[in-house]
Novice: 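Have a look at this one.
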Amino acid sequence: MEIQSNFIKTIMEEDIKNKKVDGIITRFPPEPNAYLHIGHARAIVTNFELARQFDGYTNLRFDDTNPVKEDSSFVDAIKEDIKWLGYTPNNILFGSDYFEQTYELAVRLIQKGVAYVCDLSQEQVSSYRGTLTEPGKESPYRNRSVEENLLLFKQMRDGKFKDGEKTLRAKIDMSSPNINLRDPVIYRIIHITHHNTGDKWCIYPMYDFAHPLQDSIEGVTHSLCSLEYVDHRVLYDWFVEQCEMPHIPHQYEFGRLNITNTIMSKRYLKQLVEKGVVKGYDDPRMPTLAGLRRRGYTSDSIKSFILSTGLSRINSTVSSEMLENSLRNDLVGKTKRVYAILDPIKLIITNYPDQTEAIDLEYNPENLELGSRILPFGKEVYIERTDFIEEKPNKHWKRLSLGIEVRLMHAYFIKCNEVIYNEDGSIKELLATYDVLTKSGSGFNERKPNGNIHFVEAKTALPATFNLFEPLMVDSDSDRDMMERLNPNSWKTVQGFIEPSVGNTFKGERFQFVREGYFATDYDSKEGNLIFNRIVELKSSYN
RNA sequence: UGGGCUAUGGCCAAGUGGUUAAGGCAUCGGACUUUGACUCCGAGAUCGUUAGUUCAACUCUAACUAGCCCAGCCA
């Protein structure tokens, strides 16, 4: 699937045409402090696909300049997710790989007189900054001599100061209407062990300083990020220029991807996990890539979803139906179609002999390469509870009712004659008769059934657990706390039956359960304890 | 009240001065159907508003309106 036209692709085409660049080099720069979610997929797919289409490449660079928040466990999870999506970074790098160079560039800035060590406390820095409408005040330390700054900065590096005691700031413009330019801090002191560099450093560069330099060092041509960095672009360019970087990368911003019924904030996802609302970051209801993977989503469907939503400078909220549609499209021709009954009622065919019959049935008539299996048929079968109503409610009803004839798919026409009830009035079982002349494949066409329903033969049926999911969040509008908006039905487990051919399914195997949806074999499923996750339902024009 | 960004059908999104304004999702008709699935046909916008520039504007300009972002020693 080609990436469709978008403004960044257009820029790249022009840049190549005008020889502004020799090739396209992008990077995906996650901070290793959280799991990747479907929103990140837009950045991943965009960076990798764009570079690929222009015969360029993409680096994976962990943006690990803040050791208080980062952890190597996330590094591994992120690598795994990217690999799952089918992308291979040209290089796997860390922002921390560049700490020495970054330090030296900071020294250069001091030497040029455009950076200074500031003694203001965090609170003071904040109050000196001014407000959105009033300019800031210059720090009293702004005009220290280059020598003093050099010495102080060296001492910062050497651990002579405590956290927060001093910062290195860029000397730009305290009265700029763009607050990012009001002498931004570029180095801060943090005495904590870094997941990569250990205790080697106690000063760490800020994103605004480190990021453009990293991009430049790596030869990144198009540095893509989200809209909230628009105001930072001038700073990005400023650092590249002031540091006299030989390679000049350019930043382009695009809108974030949101999905209806889906909340992707780190804080929220973390809360769900920590409060035990979900079973972990890979819970099948989670919008994390790990969660979607466990749910059964294919990486191809994620990619085609991202590609089909396009890209613009708008933070968009795409309908979750679009994601579901991508999955169905991907799976429709690829999966075996088998019969499963999620909410069974037993149906006894009173005039059928005491035997089982073997129906030879291809797995997917649209893809014969998938082969075929034997589907058993017999006197007792399970059908879906929702496929029966005592009295046909209206002329649109295409299922079973008393006195109504339907076809058990690929078997026979049956007619329901009697309902046996439990004491509580619920249906226990149905009694029906079949017409031997209506055998599927016999060419019988004297009458049309009222509909076609699926079944599983009772004796050979395998018991199975089905996990049925709904969005974690119910009401979408509201300003109410997210925890109060949880959907109590987000995970429903039902016990039913499945045809015997599915007995030796492997973990992660995907199926279409005819008329029920696309399912994936859960990681915990095993022979004798089959567990399936419903990825998405089939589309339905019924109701 | 400062600065920045955005505004094309219900949701995304092409379109870069002259096209009947692509496409996908959703919706509504209809055909087909041993999945109310798939597939196939068909239906819908004058492009936030108002002025302007131009022979010609969704495409350029201005104003207005609405939404989003920015005052972390987070990224």
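Per chain, numbering begins at 1; letters A, B, ... match sequence-line order.
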Novice: How is A:Lys539 classified with respect to the nucleic acid when contacts are heavy atoms under 4.0 Å: base, sugar-phosphate, or nothing?
Specialist: sugar-phosphate
Novice: Take atom C1' in B:G4 and the same atom in B:G42, then report the distance between them in whole Å.
Specialist: 45 Å
Novice: Given atom CG of A:Asp330 and atom P of B:A37, what is their separation to the nearest angstrom?
Specialist: 20 Å
Novice: At 4.0 Å (heavy atoms only), tell me whether A:Gln512 reaches a base, stays on the sugar-phosphate, or touches nothing.
Specialist: base
Novice: Please tell me which of the listed nucleotides, B:C74, B:A14, B:A7, lies nearest to the side chain of A:Gln4?
Specialist: B:A14
Novice: Between B:G48 and B:U8, how far apart are the C1' atoms? Round to whole Å, please.
Specialist: 10 Å
Novice: Syn or anti for B:G72? Use the chi torsion, O4'-C1'-N9-C4 for purines and O4'-C1'-N1-C2 for pyrimidines, with syn inside 90° of 0.
Specialist: syn
Novice: Figure out the CD/P separation between A:Glu2 and B:G23, and round it to whole Å.
Specialist: 19 Å
Novice: How long is the line joining CD1 of A:Ile186 and C1' of B:G72, in whole Å?
Specialist: 16 Å
Novice: Rounding to the closest angstrom, what is the interatomic distance between B:U20 and B:A75 at atom C1'?
Specialist: 48 Å
Novice: When you compare B:C40 with B:U16, how far apart are their P atoms, in angstrom units rounded to a whole number?
Specialist: 29 Å
Novice: Considering only atom C1', compute the distance from B:G15 to B:A21 and round it to an integer number of Å.
Specialist: 8 Å
Novice: A:Arg313 near the nucleic acid: base, sugar-phosphate alone, or nothing, with a heavy-atom cut-off under 4.0 Å?
Specialist: sugar-phosphate
Novice: When all nucleic acid strands are considered with a 4.0 Å heavy-atom cut-off, which category describes A:Ser176: base, sugar-phosphate, or nothing?
Specialist: nothing
Novice: Which is true for A:Asn6 with a 4.0 Å heavy-atom rule: it touches a base, it touches only sugar-phosphate, or it touches nothing?
Specialist: sugar-phosphate
Novice: When all nucleic acid strands are considered with a 4.0 Å heavy-atom cut-off, which category describes A:His454: base, sugar-phosphate, or nothing?
Specialist: nothing
Novice: Considering every strand and a 4.0 Å limit on heavy-atom distances, what is the contact class for A:Thr260: base, sugar-phosphate, or nothing?
Specialist: nothing
Novice: What does A:Arg169 touch in the nucleic acid at a heavy-atom separation under 4.0 angstrom: a base, only the sugar-phosphate, or nothing?
Specialist: nothing
Novice: Expressed as a whole number of angstroms, how long is the span from A:Leu323:CG to B:C11:C1'?
Specialist: 14 Å
Novice: Base, sugar-phosphate alone, or nothing: which one does A:Tyr187 contact when heavy atoms must sit under 4.0 Å apart?
Specialist: nothing
Novice: Please determine if a side-chain N or O atom of A:Arg129 lies less than 4.0 Å away from the OP1 or OP2 oxygen of B:G72.
Specialist: yes
Novice: Checking the side chain of A:Asn178 only, and the main-chain atoms of A:Asp231 only, is there a donor and an acceptor separated by less than 3.5 Å?
Specialist: yes
Novice: What integer distance in Å separates A:Tyr252:OH from B:U6:C1'?
Specialist: 19 Å
Novice: Is a donor-acceptor contact shorter than 3.5 angstrom present between the side chain of A:Arg515 and the base of B:G36?
Specialist: no
Novice: Which word best sums up how the rings of A:Phe62 and A:Phe94 line up, parallel for under 30°, tilted for 30 to 60°, or perpendicular for over 60°?
Specialist: parallel
Novice: Just checking A:Phe513 against A:Phe532, ring centres under 6.0 Å apart?
Specialist: yes
Novice: Under a 4.0 Å N-O cut-off, is there an ion pair linking A:Lys69 with A:Asp64?
Specialist: no
Novice: Is the backbone N or O of A:Tyr412 less than 3.5 Å from a side-chain atom of A:Arg407, with the two atoms forming a donor-acceptor pair by type?
Specialist: no
Novice: From the list B:G36, B:C73, B:A26, which nucleotide is the closest neighbour of the side chain of A:Glu321?
Specialist: B:A26
Novice: Using the side-chain heavy atoms of A:Ser540, tell me which of these nucleotides is nearest: B:C25, B:G3, B:G36.
Specialist: B:G36
Novice: Determine, answering yes or no, if A:Tyr207 is stacked on B:A75 under the 5.5 Å centre rule and the 30° plane rule.
Specialist: no
Novice: Hunt down any stem RNA chain B takes part in, defined as 3 or more consecutive Watson-Crick or G-U pairs whose two distances are each under 3.5 Å.
Specialist: B:2-7 with B:65-70, B:10-12 with B:23-25, B:27-31 with B:39-43, B:48-52 with B:60-64
Novice: Return the nearest nucleotide to the side chain of A:Val332; candidates are B:C73, B:G36, B:C38.
Specialist: B:C38
Novice: Should A:Arg515 and A:Asp387 count as side-chain neighbours, where that means a heavy-atom distance under 4.5 Å?
Specialist: yes
Novice: What is the nucleic acid contact for A:Gln122, judged by heavy atoms within less than 4.0 Å: base, sugar-phosphate only, or nothing?
Specialist: base
Novice: Are A:Phe377 and A:Phe455 close enough that their ring centres sit under 6.0 Å apart?
Specialist: yes
Novice: What integer distance in Å separates A:Phe7:CZ from B:C5:C1'?
Specialist: 11 Å
Novice: The side chain of A:Met206 is closest to which nucleotide in this list: B:A37, B:C74, B:C25?
Specialist: B:C74
Novice: Over 60° means perpendicular and under 30° means parallel, so tell me whether A:Phe99 and A:Tyr204 are parallel, tilted or perpendicular.
Specialist: perpendicular
Novice: For the side chain of A:Leu132, starting at C-beta, report the closest nucleotide among B:A37, B:G2, B:C5.
Specialist: B:G2
Novice: Ignoring the backbone of A:Asn66, work out which of B:C12, B:A75, B:C5 is nearest its side chain.
Specialist: B:A75
Novice: Base, sugar-phosphate alone, or nothing: which one does A:Ile314 contact when heavy atoms must sit under 4.0 Å apart?
Specialist: sugar-phosphate
Novice: Between C1' on B:A13 and CZ on A:Phe305, what's the gap in Å once rounded to a whole number?
Specialist: 13 Å
Novice: Where the side chain of A:Thr133 is concerned, which of B:C68, B:C73, B:G2 is the nearest nucleotide?
Specialist: B:G2
Novice: Find which nucleotide of RNA chain B each of A:Leu311 and A:Lys439 is nearest to by heavy atoms, and output the residue with the more 5' nucleotide.
Specialist: A:Leu311
Novice: Determine the Euclidean distance between corresponding C1' atoms of B:G3 and B:G23; express it in Å to zero decimal places.
Specialist: 37 Å
Novice: Could you tell me whether A:Lys160 and A:Glu165 make a salt bridge, using a distance below 4.0 angstrom between a side-chain N and a carboxylate O?
Specialist: no
Novice: For a quick check of understanding: with a heavy-atom distance under 4.0 Å over all strands, which category does A:Glu516 fall into, base, sugar-phosphate or nothing?
Specialist: nothing
Novice: Tell me which of A:Gly130 and A:Asp63 sits closer to the 5' end of RNA chain B, going by the nucleotide each one is nearest to.
Specialist: A:Gly130
Novice: Contact class for A:Gly95 vs. all strands (heavy atom < 4.0 Å): base, sugar-phosphate, or nothing?
Specialist: nothing
Novice: Do the non-hydrogen side-chain atoms of A:Phe511 and A:Tyr518 ever get within less than 4.5 Å of each other?
Specialist: no
Novice: Between the base of B:G3 and the side chain of A:Asp231, is one N or O donor paired with an acceptor at under 3.5 angstrom?
Specialist: yes
Novice: Regarding A:Val514, tell me which of base, sugar-phosphate or nothing describes its non-hydrogen contacts under 4.0 Å with the strands shown.
Specialist: base
Novice: Are the aromatic ring centres of A:Tyr207 and A:Tyr229 under 6.0 angstrom apart?
Specialist: yes
Novice: Please give, in whole Å, the distance from B:C38 P to A:Glu537 CD?
Specialist: 13 Å
Novice: Rounding to an integer number of angstrom, what distance separates B:A43 and B:G9 when you compare their C1' atoms?
Specialist: 12 Å
